[in-house]
Amino acid sequence: MVLRLHDSLRRETRELRPSHPDGIFRFYNCGPTVYAPAHIGNFRTFVVNDVIRRLLELEFGPARVRHVRNLTDVDDRTITQSRKEGRPLAEITRHWTAIFHEDCAALNLLRPHAEPTATGYIREQVSMIEVLMEKGHAYRAADGSVYFRLATFPEYGRLSRIQERELQVTNAVADADHKDSVSDFALWKAYKPEEDGTVQWPGPRTAAAGRPGWHIECSAMSKALLGDTIDLHTGGVDLLFPHHENEIAQSECCNGVPFARHWYHSEHLLVDGTTMSKSKGNYHTLRDLVAKGHEAMAVRYALLMGHPRKQLNFTLDSLHAAASALRTLRAARAAIPGAGGTVDVSAPVLAALADDLNFPGALGALFTALKASAPAELNAAGFDRALFALGLDLAARAPAVAVPAAVTALAERRWAAKQARDFAAADALRAELAAAGWTMLDRKDGWSLEPVRK
RNA sequence: GGCGCGGUAGCCAAGUGGUAAGGCCGAGGUCUGCAAAACCUCUAUGCGCCGGUUCAAUUCCGGCCCGCGCCUCCA
């Protein structure tokens, strides 16, 4: 199988291959900022990257993939949150990191091999900034901050095709006064007591104490953990400019070699047809949805329903459709015998995924393949391989909802009525159960209850 | 203003220069006392609009309309 993926820099679909002699594929995925629960749009990106990780493992072997996803634990938003709550920065970020990990587990995301934090790599960031200053790519501003001098990197803008003159100038840039040019961006931000609270580290030589800029953290952690040139760098489209553009500038000017051989950006998730935002009331976190009774795995399925490079519209209807499709897959899996089947449904599924992550194509191929053969002809390992690639864990279930004692009592009475062949009474009790929100499932040897589906 | 993406059945969504995958919903059926599950069958002469190229276009080209995203610290 050849893994092909669109490259945002070259704007063409290219094969993914390890470039280092050790054969290890180096994969860096920009992670979340841990100051609040991640929303399902964030998780779309992480699900897409999780499928990439799984495909890389299937293609090169688990030992030949190194996947890094960072945690941004110091920036404007984390510091603001910390000040708002009056709690130390580290306490805030530790809390939200734990929540993030719970959500990742619920969505069946494989753990990255390394999950570095910005605050854990201050020294590396400072050191890169010093190299950039020595090479003339960065300068100290009057307040002790350090800025990258864009004019020293003529290739700037290749990824986003942005020209300096095209930048919209409506946003007043807060630190414009300190910079030689409005387009220069911060590598190091001098400590501001009124904004930064207790957050500061010793800065690069000649610079003031303060904290790193956002962009340098990814450059430094990628370099520290994966080396100067990596095989794949990914993130959401919104990171394309300026974040990734700036990373390229910093890393290539510092290291003198190409930064990432392949760039990939997944599109945004829309909710109810528009950007998700708290003010629009269409803002969903995973835990909100789970609290409302939705399965986390159905959320993952819903995030797989669209092509990763197209905006995907998430609605409660699409979540219901996802949950139903998941039930169909569970039934299909249950019907496959443990051994003996020869038809491998993973082939068409993996082919679609390997072709630039065609998620809907892969899902379509899966159902088509399932329909084409009798369950007894299907190979269980093949089915499981397809589901592994998609990261759908069919065993994962929403926690069982507790059945109220009164409902259980109704069910027992109905079962007794049915055994006595008093069907009129049985039907009346079924109606009562339904009114209470429960469906009673009869079997030959007994019964069970489940919440009524909408 | 600059850069980019998209408009395919009730909903979601692939795809192809030769006449539209799949999922969900819905309808009918088998089964079941009923219900649920499972299984079977059906559901776009049509792919935003108008031109053009072609033997043939939803698929290529041009124009237009509509929607969405990014444009300095949002995945």
Side-chain angles (χ1 to χ4, degrees), chain A residues 8 11 29-33 38-49 72 75-77 157 160-163 165-171 173-176 182-186 189 213-215 217 234-243 245-246 265-270 273-277 301-302 305-307 309-315 317-329 331-332 334-335 348 352 358-371 375 418 421-424 426-427 430-431 433-434 439-444 447-448 450 452-453:
Chain A
S8 313
R11 283 151 216 275
N29 168 18
C30 281
T33 301
H39 60 242
I40 56 173
N42 296 310
F43 280 116
R44 179 187 196 194
T45 297
F46 299 132
V47 164
V48 169
N49 280 276
T72 296
D75 76 328
D76 288 356
R77 290 179 295 166
S160 59
R161 286 184 173 173
I162 197 123
Q163 301 293 320
R165 69 195 61 198
E166 291 164 354
L167 288 175
Q168 192 170 289
V169 284
T170 53
N171 290 14
V173 183
D175 52 0
V182 281
S183 313
D184 294 345
F185 60 88
K189 309 178 92 153
W214 176 42
H215 313 298
E217 78 173 69
T234 66
V237 273
D238 52 312
L239 298 187
L240 202 136
F241 182 85
H243 186 53
E245 199 74 78
N246 292 356
H265 296 89
S266 45
E267 255 297 347
H268 274 180
L269 185 74
L270 306 179
T274 182
T275 324
M276 157 170 33
S277 76
Y301 191 106
M305 293 201 303
H307 189 109
R309 289 197 295 113
K310 279 175 74 170
Q311 291 171 345
L312 171 66
N313 188 24
F314 178 93
T315 63
D317 278 349
S318 69
L319 187 52
H320 284 131
S324 295
L326 213 46
R327 275 196 295 274
T328 303
L329 289 179
N358 189 342
F359 289 176
L363 257 10
L366 176 60
F367 282 96
T368 302
L370 288 175
K371 234 174 21 181
K418 183 189 166 182
R421 305 195 63 79
D422 181 357
F423 295 127
D427 288 351
R430 176 180 287 292
L433 283 163
T439 301
M440 184 163 172
L441 308 180
D442 292 1
R443 292 187 311 276
K444 278 208 168 82
W447 52 270
S448 58
E450 70 173 35
V452 171
R453 281 187 211 133

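No hydrogens, no waters, no symmetry mates; every other heavy atom, side chains included, goes into these values. By convention in this document, chain letters (A, B, ...) are assigned in the order of the sequence lines, proteins followed by strands, and residues within each chain are numbered from 1.
- Across all strands shown, B:rC34 forms no Watson-Crick or G-U wobble pair with both distances under 3.5 Å.
- Among the atoms of the strands shown, base atoms are found under 4.0 Å from some heavy atom of A:Leu441.
- For B:rG23 and B:rC68, the P atoms lie 31 Å apart once the distance is rounded to whole Å.
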Taking it one step at a time, do A:Phe359 and A:Val48 satisfy side chain to side chain contact (heavy atoms under 4.5 Å, CB included)? CA-CA 9 Å; A:Phe359 289 176; A:Val48 169; 3.9 Å; yes
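- Checking B:rC3 for Watson-Crick or G-U wobble geometry (two distances, each under 3.5 Å) identifies B:rG69 as its partner.
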Heavy-atom protein contacts under 4.0 Å, nucleotides 4-17 of chain B, coded B base, S sugar-phosphate only, - none: S-SS----SSSS--
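- Residue contacts shown for A:Leu366 are absent, as no nucleic acid heavy atom lies under 4.0 Å away.
- Checking A:Asn42, A:Leu312, A:Val47 one by one against A:Leu269, the side-chain contact (heavy atoms from CB on, under 4.5 Å) holds for a single residue, A:Leu312.
- A:Arg421 is linked by a salt bridge (Lys or Arg N to Asp or Glu O under 4.0 Å) to nothing, counting only residues two or more places apart in sequence or in another chain.
- If you check B:rC34, B:rC24, B:rU72 against the side chain of A:Ala325, the one that comes closest is B:rC24.
- Distance, A:His39 NE2 to B:rA75 C1': 6 Å, rounded to whole Å.
- Across every strand in view, B:rU59 sits unpaired, with no contact that passes the Watson-Crick or G-U test at under 3.5 angstrom.
- In a base pair of the Watson-Crick type (N1 to N3 plus N6-O4 or O6-N4) or a G-U wobble (N1-O2 and O6-N3), with each distance short of 3.5 Å, B:rC64 is matched with B:rG48.
- For B:rG22, one of the phosphate oxygens OP1 or OP2 lies less than 4.0 angstrom from a side-chain nitrogen or oxygen of A:Lys371.
- Only the C1' atoms considered, B:rA44 is 46 Å distant from B:rU72, to the nearest whole Å.
- Comparing the same atom, C1', in B:rG1 and in B:rU19 gives a spacing of 43 Å after rounding to whole Å.
- Taking atom CZ on A:Arg443 and atom P on B:rA37, their separation rounds to 15 Å, with Å as the unit.
- One interatomic measurement links the two molecules: CG of A:Asp442 to C1' of B:rU32, which rounds to 10 Å at whole-angstrom precision.
- Rounded to an integer number of Å, the gap from A:Leu269 CG to B:rC68 C1' is 13 Å.
- Pairing of B:rU54, defined by two Watson-Crick or G-U wobble distances under 3.5 Å, is not identified with any nucleotide.
- Proximity of A:Ser324 to the phosphate of B:rC25: a side-chain N or O atom is located under 4.0 Å from OP1 or OP2.
- At a threshold of 4.0 angstrom between heavy atoms, the contacts of A:Gly41 include nucleobase atoms, whether or not backbone atoms are also involved.
- Residue A:Arg77 is in sugar-phosphate contact alone, with no base atom involved, counting any heavy-atom pair closer than 4.0 Å across all strands shown.
- Not a single donor-acceptor contact under 3.5 angstrom links the side-chain atoms of A:Asp238 to the base of B:rG69.
- Base engagement by A:Gly364 is indicated by at least one non-hydrogen atom pair under 4.0 Å involving a base atom.
- The nearest whole Å value for the distance from the CG atom in A:Leu370 to the C1' atom in B:rA21 is 14 Å.
- Residue-level contact check: A:Thr328 touches the backbone only, with heavy atoms under 4.0 Å from sugar-phosphate atoms and none from bases.
- When every heavy atom of A:Arg44 is checked against every heavy atom of A:Glu267, the shortest pair comes out as NH1-O, 3.2 Å.
- Distances were taken from every side-chain heavy atom of A:Arg430 (C-beta onward) to each of B:rA35, B:rC24, B:rG23; the shortest belongs to B:rA35.
- Taking the P atoms as reference points, B:rG22 lies 15 Å from B:rC39, given to the whole Å.
- Every residue two or more places apart in sequence or in another chain that forms a salt bridge (Lys or Arg N to Asp or Glu O under 4.0 Å) with A:Asp442 is listed here: A:Arg414, A:Lys418, A:Arg430.
- Residue A:Leu363 is the one, among A:Ala424 and A:Leu363, whose nearest nucleotide of RNA chain B lies closer to the 5' end (criterion: closest heavy atom).
- A distance of 10.0 Å separates CZ of A:Phe367 from NZ of A:Lys371, quoted to the nearest 0.5 Å.
- Shown here, B:rA21 forms no base pair; nothing in the strands shown gives a Watson-Crick or G-U wobble contact with both key distances under 3.5 Å.
- A tilted orientation is assigned to the rings of A:His215 and A:His243, their planes being inclined by 30° to 60°.
- Within the 4.5 Å cutoff, the side chain of A:Glu217 has heavy atoms near those of the A:Thr72 side chain.
- Which of B:rG22, B:rA38, B:rC24 sits closest to the side chain of A:Thr368 comes down to B:rG22.
- For the pair A:Leu329 CG and B:rC24 C1', the computed distance is 13 Å after rounding to whole Å.
- Shown here, B:rC39 forms a base pair with B:rG29; the pair counts as Watson-Crick or G-U wobble because both key distances fall under 3.5 Å.
- Remark: ring of A:Phe367 not stacked against base of B:rG22; the cut-offs of centroid gap under 5.5 Å and plane tilt under 30° are not jointly satisfied.
- Rounded to whole Å, the distance from CZ on A:Phe241 to C1' on B:rC71 is 6 Å.
- Atom pair A:Leu240:CG and B:rA75:P shows a separation of 14 Å (rounding to whole Å applied).
- A distance of 8.0 Å separates OG1 of A:Thr45 from CG of A:Leu239, quoted to the nearest 0.5 Å.
- Using atom P as the reference point in both B:rA27 and B:rC66, the two lie 38 Å apart (nearest Å).
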